[in-house]
Amino acid sequence: MSAVLLASLLPLACTQAAALDAACPPSTVGVSDLGYSSYLDGAKVRGSNIDLLEEIQRRSGCQLIVRWYPRSRLYAQFFSQQLDMTGASLRTAERDRYGTWLPYTYTHFELVLLNKDAGKFRSLAEFVERSSARLNITRGILYAPETQRQLDRLQQLGRLEYVNDYSVVFRKILAGRAEGTFAPATIHLINQRQFGMIGKMSASTVAESPRTMVGLYVSKKVAPEVLQRYADALRSIVIDGTMQKFHERYLGAEITRNLYHDGTRDILAALPPAR
């Protein structure tokens with residue numbers, strides 16, 4: 001369960017900005033398997049969150065060291081102060097006790113079903129009541145209270161199972177042991193492509209799971225002036241549209257437009273003021 005070091009330094013030449021600042025101490029960032037946000041491509045970690053971290057390093061001048069963890073271990077490492085930063089994270093009260101949350105994008109969990117089981121479900125409650133399809137989802141993912149209530153109903157009906165990761169989810173769908181899952185596009189699209197399911201599944205949004213912001217958690221042990229560098233870098237990445245370009249690279253233009261349909265005002269308002 002120990003971490004595997006994949007890159008001691010993100011692969012930046014730093015030729016387009018100031019060189020890394022020796023006065024800014026290196027920070028260790030924990031990432032895990034989150035579809036096109038962060039995924040393993042052989043021995044290399046890739047994804048929109050990795051592109052973001054590279055850009056933060058370039059704009060802040062602060063070295064970032066990326067380590068890969070199983071999702072179940074990532075926050076244990078962060079809470080024990082073994083990490084200076086997490087990758088893509090939803091905000092929770094527990095995590096706020098250990099770090100400062102810096103949002104940079106949106107996510108939207110969707111109900112993803114085999115086409116034969118898909119329907120016009122406007123809510124998870126409708127899906128629970130009008131379908132017999134089974135879902136598999138992964139452990140360690142936090143859901144809105146309204147979402148969790150419906151997932152609990154499914155589990156009580158014997159129609160939901162928690163597994164270790166999304167590759168297991170899609171293997172079980174292929175094996176006929178489940179008909180769908182509940183995941184954002186960053187996760188379900190990469191798995192649909194890897195398992196040959198593109199065109200065989202349909203995704204829909206549901207009322208219990210509104211779009212929400214995603215951010216980085218920076219440990220409270222990180223000096224305030226370094227935290228400010230990260231926040232300022234993130235703000236500039238959001239303002240100039242760089243984050244949207246990262247999403248377009250992996251998710252396509254249409255999904256990205258839907259995520260940012262009303263702009264980035266909420267994200268910018270939630271970031272610390274620029275200095």
Please name the pair of heavy atoms, one in [X] and one in [Y], separated by the smallest distance, quoted to 0.1 Å.
X    : Y    : result
C24  : R229 : CB-NH1, 3.7 Å
L74  : V31  : CD1-N, 4.0 Å
L102 : Y230 : CD1-CB, 4.1 Å
G87  : S89  : O-OG, 2.9 Å
F170 : Q192 : CE2-CG, 3.9 Å
V226 : P25  : CG2-CD, 4.2 Å

From [X] [atom1] over to [Y] [atom2], what is the distance, rounded to the nearest 0.5 angstrom?
X    : Y    : atom1 : atom2 : answer
S204 : E110 : OG    : CD    : 7.5 Å
D96  : R91  : CG    : CZ    : 4.0 Å
R211 : S209 : CZ    : OG    : 12.0 Å
M243 : T264 : CE    : OG1   : 12.0 Å
S38  : L52  : OG    : CG    : 11.0 Å
T92  : Y217 : OG1   : OH    : 4.5 Å

Does [X] reach the side chain of [Y], with side-chain heavy atoms less than 4.5 Å apart?
X    : Y    : result
R134 : D117 : no
F195 : S167 : yes
Y69  : L83  : yes
R95  : L142 : yes
Y39  : R46  : yes
T107 : L90  : yes
T138 : I187 : no
S236 : I239 : no

[X] (side chain) donor-acceptor with [Y] (main chain) under 3.5 angstrom:
X    : Y    : value
N136 : T181 : no
K221 : Y98  : no
N115 : G199 : yes
R59  : A233 : no
S123 : E126 : yes
E208 : L124 : yes
S131 : V128 : no

Does a side chain donor of either R153 or Q150 reach within less than 3.5 Å of an acceptor in the other side chain?
yes

Going by atom types only, do Q156 and D152 share a side-chain donor-acceptor pair under 3.5 Å?
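No, because no side-chain N or O of Q156 sits under 3.5 Å from a partner of the opposite role on D152.
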
Applying side-chain contact (heavy atoms from CB on, under 4.5 Å) to F182 and T147, what does each step give before you reach the verdict?
CA-CA 10 Å; F182 192 67; T147 301; 3.5 Å; yes

Any cation-pi pair here, R159 with F127, using under 6.0 Å and within 45°?
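Judged by the rule, R159 and F127 form a cation-pi pair.
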
Decide whether a cation-pi geometry holds between R130 and F121; the criteria are a distance under 6.0 Å from NZ or CZ to the six-membered ring centre and an angle within 45° of the ring axis.
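No, R130 does not lie over the aromatic ring of F121.
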
Would you call the rings of [X] and [Y] parallel, tilted or perpendicular, where under 30° means parallel and over 60° means perpendicular?
X    : Y    : result
Y143 : F109 : perpendicular
F79  : Y75  : tilted
H247 : Y260 : tilted

Test log, rule side-chain contact (heavy atoms from CB on, under 4.5 Å), inputs M197 and L174:
CA-CA 9 Å; M197 303 294 285; L174 280 174; 3.3 Å; yes

Under the criterion side-chain contact (heavy atoms from CB on, under 4.5 Å), I'd like the reasoning laid out for R235 against V238: C-alpha separation, chi angles, the key distance, then a yes or no.
CA-CA 5 Å; R235 179 176 291 277; V238 172; 6.0 Å; no

Salt bridge or not between R177 and E161? Use side-chain N to carboxylate O under 4.0 Å.
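No, this pair does not count.
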
Pairing of E248 and K245 as salt bridge, 4.0 angstrom limit
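Here E248 does not pair with K245 in a salt bridge, since their nearest N and O are not under 4.0 Å apart.
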
With side chain to side chain contact (heavy atoms under 4.5 Å, CB included) as the test, pick out the partner of L251 among N258, I190, T186.
T186

Here's a test for you: under side chain to side chain contact (heavy atoms under 4.5 Å, CB included), which of I56, L53, L64 qualifies with S27?
L64

Is it the case that more than 12 heavy atoms not belonging to [X] sit under 6.0 Å from its [atom1] atom?
X    : atom1 : value
E254 : CD    : no
R275 : CZ    : no
K120 : NZ    : no

Are Q228 and E225 close enough, and set up right, to give a side-chain contact (heavy atoms from CB on, under 4.5 Å), and what steps lead you there?
CA-CA 5 Å; Q228 189 66 47; E225 59 271 19; 5.6 Å; no

